[in-house]
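Note sheet for the following structure.
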Amino acid sequence: MDQPVLRPVPRPGVMQIAPYVPGKSKGNGHGKLHKLSSNETPLGASPAALEAYGSVKSLELYPDGAATELREAIAKVNGLNAGNIICGCGSDEILSLIAYAYLGEGDEAIYSEHGFLVYNIAILAAGATPVVAPETDCTANVDAILERVTSKTKIVFLANPNNPTGTYLPFDEVRRLHSALPKSTLLVLDAAYAEYVRRNDYEAGLELVATSDNVIMTRTFSKIYGLAALRVGWGYAPDHVIDALNRIRGPFNMNSAAIAAGAAAVQDQAFVEAAVAHNEKWLPWVTEELTKIGLRVTPSVGNFVLIHFPEEDGKRAADADEYLLDRGCVLRQVRAYGFDNALRMSIGTEEANRDVVAALTEFLNTN
Ligand SMILES: *Cc1c(COP(=O)(O)O)cnc(C)c1O
């Protein structure tokens, strides 16, 4: 007979989780460093946000558990009802709350082949079964998702645009997905990069949330707002979804500095416009320059690109990564996302972008 296990054992699913590996933050040398591994902005945070952050002095006091100031600021800027907004410690927390509220053992949740890995973690942590739908050209495929819907499907997670591919679904496709889903399946629209997208056929999901009972949109202050260190995210959903999530979130899940800085940041839309303008200039530049030197770049609408390396001449992504690290350029390997021979690069400062293109040109010529 097997010995009984004499120590605590996590619930089924927990030990199947592959721990999330964040982007590296160090190069191989000690000189200049361009951190392009986590889709952070090269422009820092709004001065108004930094000032609000510094104004939080009474550290002995609990924060406002309802994050009222932040929810009201988000509501005002986006023309929403503050009662339909929930704030979280990054949108990662919102994604986990959604999974804990709507998934349990025996349930399934769908995400797409190269979808954001936090979905897999949240689903397994809630004891449910992840179901992966194949993509077409690194883009979510609505039919493939719908083919995998069963009576057990409680959630569909869709990152739009997706990380790490940078691709997006036009909103008529998102609507087609939504209208074919059972009314009891929650559609999660993760719009972490929405502010960067400049396409007429794109929407983050505000209207679909407002007109449905089974859609939640999540957003973050970690990307264009430059507040990744503070962990600020939010969700917009119908009353009944917000009510469920509020019951299980920690009563003080947002800290006072995050609330103050987030509220100031969202009201500085001039700062957001400057960040969009920077991206509008450098996203096409990086894409074109890398294409010119023979690398394949997945067309991106976010603030990052997925760069595919040629297989045949042995110049693989891992070698390129080392080469770049030696030159102070920190990109992201994306094997965990199903890309064995690609790197993801955040759009950086002009200097960072030029340094990466120069280093990769040299890498392809000399290695
Ligand atoms: C970066 C990112 C997030 C944001 O995570 P935070 O927890 O808010 O920092 C969410 N979804 C996707 C697809 C992302 O790339």
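Whatever order the structure lists ligands and atoms in, that order sets their numbers, starting from 1. In what follows, residues are counted from 1 in the order of the sequence shown. All of these numbers come straight from a predicted model, not from anything done at the bench. Any value given below was found using the heavy atoms of this structure, including those in side chains, with hydrogens, waters and symmetry copies removed.
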Ligand 1 atoms in contact with [X] (distance to a heavy atom under 4.0 Å):
X      : answer
Gly90  : 6 (P), 7 (O), 8 (O)
Asn163 : 13 (C), 14 (C), 15 (O)
Ala192 : 2 (C), 3 (C), 10 (C), 11 (N), 12 (C), 14 (C)

Whether [X] side chain and [Y] backbone form a donor-acceptor pair below 3.5 Å:
X      : Y      : answer
Asp190 : Leu158 : no
Asp268 : Ala265 : no
Asn160 : Leu169 : yes

Below 3.5 Å, N or O to N or O, backbone or side chain included: is there any such pair between Thr220 and ligand 1?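 Yes: some nitrogen or oxygen of Thr220 is under 3.5 Å from one in ligand 1.
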At under 4.0 Å between heavy atoms, is it the side chain or the backbone of [X] that contacts ligand 1, or both, or neither?
X      : value
Glu93  : neither
Ser222 : side chain
Asp92  : both

Would you indicate whether the side-chain heavy atoms of Asp92 and Phe116 approach each other to under 4.5 Å?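 Yes; the side chains approach each other to less than 4.5 Å.
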Tell me, do Glu69 and Asp64 make a side-chain contact under 4.5 Å, heavy atoms counted?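 No, every pair of side-chain atoms sits at 4.5 Å or beyond.
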For Tyr337, I'd like to know if atom OH has over 12 heavy atoms of other residues, nucleotides or ligands within 6.0 Å.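 Counting other residues, nucleotides and ligands, OH of Tyr337 exceeds 12 neighbours.
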When you look at CD of Gln269, are more than 12 heavy atoms from neighbouring residues, nucleotides or ligands closer to it than 6.0 Å?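 Counting other residues, nucleotides and ligands, CD of Gln269 exceeds 12 neighbours.
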Do the side-chain N and O atoms of Asn255 and Arg231 include a donor-acceptor pair separated by under 3.5 angstrom?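 No, no side-chain donor-acceptor pair sits under 3.5 Å.
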At what distance is the nearest protein heavy atom to [atom], and which residue and atom is it?
atom                    : result
atom 11 (N) of ligand 1 : Asp190 OD2, 2.6 Å
atom 4 (C) of ligand 1  : Ser91 OG, 3.2 Å
atom 15 (O) of ligand 1 : Tyr193 OH, 2.6 Å

Of Lys223, Arg231, Arg219, which has the heavy atom at the shortest distance from atom 3 (C) of ligand 1?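 Going through Lys223, Arg231, Arg219 one by one, Lys223 has the nearest heavy atom to atom 3 (C) of ligand 1.
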